[in-house]
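Numbering of residues begins at 1 and proceeds along the displayed sequence. Just follow the structure's listing: the first ligand is 1, and inside any ligand the first atom is 1. These figures come from a predicted structure and were not determined experimentally.
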Amino acid sequence: MSTLAQRLQQVERRIAAACEQHGRPRDSVTLVAVSKRKPVSAIRQAYALGVRDFGENYAQELQRKAEDLRDLEDLRWHFIGHVQRNKAQLLVGRCELLHAVDSVALLDRIEHLAQRKGVIQQILLQLNVSGEDSKSGARVEDLSTLLAHARELGHVRCAGLMTMPPFTEDPHQVRPLFERLRQLRDAQTSPAALPWLSIGMSHDFEVAIAQGATHIRIGSLIFGPRD
Ligand SMILES: *Cc1c(COP(=O)(O)O)cnc(C)c1O
C-alpha cells in the first residue's frame with residue numbers, strides 16, 4: 001500500500017521528467033488534483049503536501065467541499081464537469097477555471113452570473129475532437145462561433161481549450177486528438193489569447209505534456225481508485 005504522499009511524489013517525478021524530455025519548464029504545467037468522490041480529509045492531505053489546484057465534477061459536491069475547506073484561502077477550485085445551467089450559480093466566482101464550457105447558451109449564463117457577482121470568470125471551451133460520444137464538448141465546426149461570442153462578453157475570459165477523449169487502453173491512441181486540439185488553438189488569429197490546453201488524465205498525462213498541455217487533470221493516480 002502506498003500513501004498519498006508517495007503517490008503524489010511519484011506523479012510529480014513523472015511530470016518533471018516529461019517536462020524535461022520535451023524542453024518545457026515545470027511551471028508551464030499545472031497539476032489539477034481531481035478529488036471527486038474523495039473526502040475533504042484527502043484534499044487537506046494533498047494541500048499540506050503543496051497541491052493548490054483541485055478538480056471536481058459535481059457542482060454541489062464542490063460547493064460542500066469549498067465550504068468545509070474555506071480556511072485554505074489559496075486553494076483553487078477547477079470545475080472539470082459539464083456545467084448545468086441551473087448549477088452554474090454555485091460555480092461562477094468560486095472556481096478559478098471552468099474547464100468544460102461548450103455552448104453559447106452556457107457562455108451567456110456564465111456572463112450573466114459573473115456580471116451580477118462583479119467577477120471575471122475564466123473558462124475553457126470543451127471540444128469533442130474525436131466526434132464520438134456527442135454528449136461532451138462542442139463540435140469542432142462550432143469553435144469559431146463560440147470564440148467570437150466569448151470575445152463579446154465582458155465578464156467571461158476564454159483562456160483556452162479542453163478535451164476529454166474516449167477512454168482507450170493505449171494512451172498513445174489519444175495523441176492525434178491532443179495534437180488536433182493544439183492545432184485548433186494554434187490556428188486562431190491570436191493563439192496567444194488562448195494559452196491554455198487542459199488535456200491529459202492519469203493514464204495519458206505524459207502524452208498530453210508532449211502535446212503542450214498546460215493543465216493536466218489527475219485523480220486516481222494521486223488519490224487512489226474511486227469506488
Ligand atoms: C475524473 C476526471 C479526471 C481524472 O481522471 P483519472 O483517470 O482519475 O485521473 C479528469 N478529467 C475529467 C473531466 C474527469 O471527469
Side-chain angles (χ1 to χ4, degrees), residues 2-4 6-15 18 29-40 42-43 45-46 49 51-66 76-84 87-88 90-91 95-103 106 122-130 132-138 159-175 177-178 180-182 196-227:
S2 54
T3 65
L4 193 149
Q6 288 165 333
R7 291 192 298 262
L8 184 62
Q9 194 181 42
Q10 181 66 20
V11 168
E12 272 300 342
R13 253 193 235 118
R14 287 173 58 187
I15 295 171
V29 179
T30 299
L31 168 62
V32 178
V34 176
S35 46
K36 62 187 186 194
R37 310 215 295 271
K38 295 292 175 183
V40 288
I43 299 178
Q45 260 187 63
L49 294 162
V51 179
R52 289 295 176 270
D53 294 270
F54 291 89
E56 293 283 338
N57 68 344
Y58 286 101
Q60 276 130 322
E61 183 177 348
L62 186 147
Q63 180 197 28
R64 188 168 40 77
K65 287 174 170 172
R76 293 179 288 268
W77 290 108
H78 294 251
F79 194 70
I80 60 173
H82 181 257
V83 182
Q84 291 173 272
K87 302 285 165 52
L90 302 177
L91 303 170
C95 294
E96 173 79 7
L97 184 61
L98 306 180
H99 287 235
V101 175
D102 62 0
S103 71
L106 194 51
Q122 299 192 102
I123 63 123
L124 303 177
L125 292 173
Q126 182 184 8
L127 291 184
N128 179 1
V129 191
S130 70
E132 288 168 36
D133 181 32
S134 55
K135 285 196 302 278
S136 60
L161 305 178
M162 179 270 207
T163 198
M164 174 128 168
F167 180 79
T168 51
E169 286 295 329
D170 175 7
H172 294 282
Q173 284 181 14
V174 301
R175 187 187 305 273
L177 300 178
F178 290 166
R180 175 104 171 89
L181 195 74
R182 191 185 57 181
W196 292 345
L197 288 177
S198 172
I199 50 179
M201 302 170 39
S202 285
H203 74 293
D204 56 14
F205 71 89
E206 281 139 329
V207 175
I209 289 172
Q211 294 303 324
T214 60
H215 293 71
I216 52 176
R217 312 178 306 265
I218 301 187
S220 45
L221 218 49
I222 295 173
F223 293 110
R226 290 176 292 271
D227 28 59

For this session: Using only heavy-atom distances, determine whether the side chains of Gln10 and Arg13 contain a donor-acceptor pair under 3.5 Å.
Result: yes
Problem set entry | Leu106, Asn57, Asp102 screened by side chain to side chain contact (heavy atoms under 4.5 Å, CB included) with Val83, the one that passes | Leu106
Exercise. How would you list all residue pairs meeting side chain to side chain donor-acceptor pair (under 3.5 Å) that involve residues 207-223, not counting sequence neighbours?
Worked result: Ser198-Arg217, Ser202-Ser220
For this session: Go through the steps to decide whether Lys38 and Ile43 satisfy the test side-chain contact (heavy atoms from CB on, under 4.5 Å), and finish with yes or no.
Result: CA-CA 8 Å; Lys38 295 292 175 183; Ile43 299 178; 5.7 Å; no
For this session: In plain terms, say whether Lys36 and Glu61 are close enough for a salt bridge, that is, a side-chain N and a carboxylate O under 4.0 Å apart.
Result: no
Run through all N or O atoms in ligand 1 and write down each protein N or O closer than 3.5 Å, as a pair with its distance.
residue	atom	partner	partner atom	Å
ligand 1	8 (O)	Ser220	N	2.8
ligand 1	8 (O)	Ser220	OG	2.9
ligand 1	8 (O)	Arg226	NH1	2.9
ligand 1	8 (O)	Arg226	NH2	3.1
ligand 1	9 (O)	Ser202	N	3.1
ligand 1	9 (O)	Ser202	OG	2.6
ligand 1	9 (O)	Gly219	N	2.8
ligand 1	11 (N)	Arg217	NE	2.8
ligand 1	15 (O)	Lys36	NZ	2.7

Problem set entry | From CA spacing to verdict: side-chain contact (heavy atoms from CB on, under 4.5 Å), Phe54, Lys65 | CA-CA 11 Å; Phe54 291 89; Lys65 287 174 170 172; over 6 Å; no
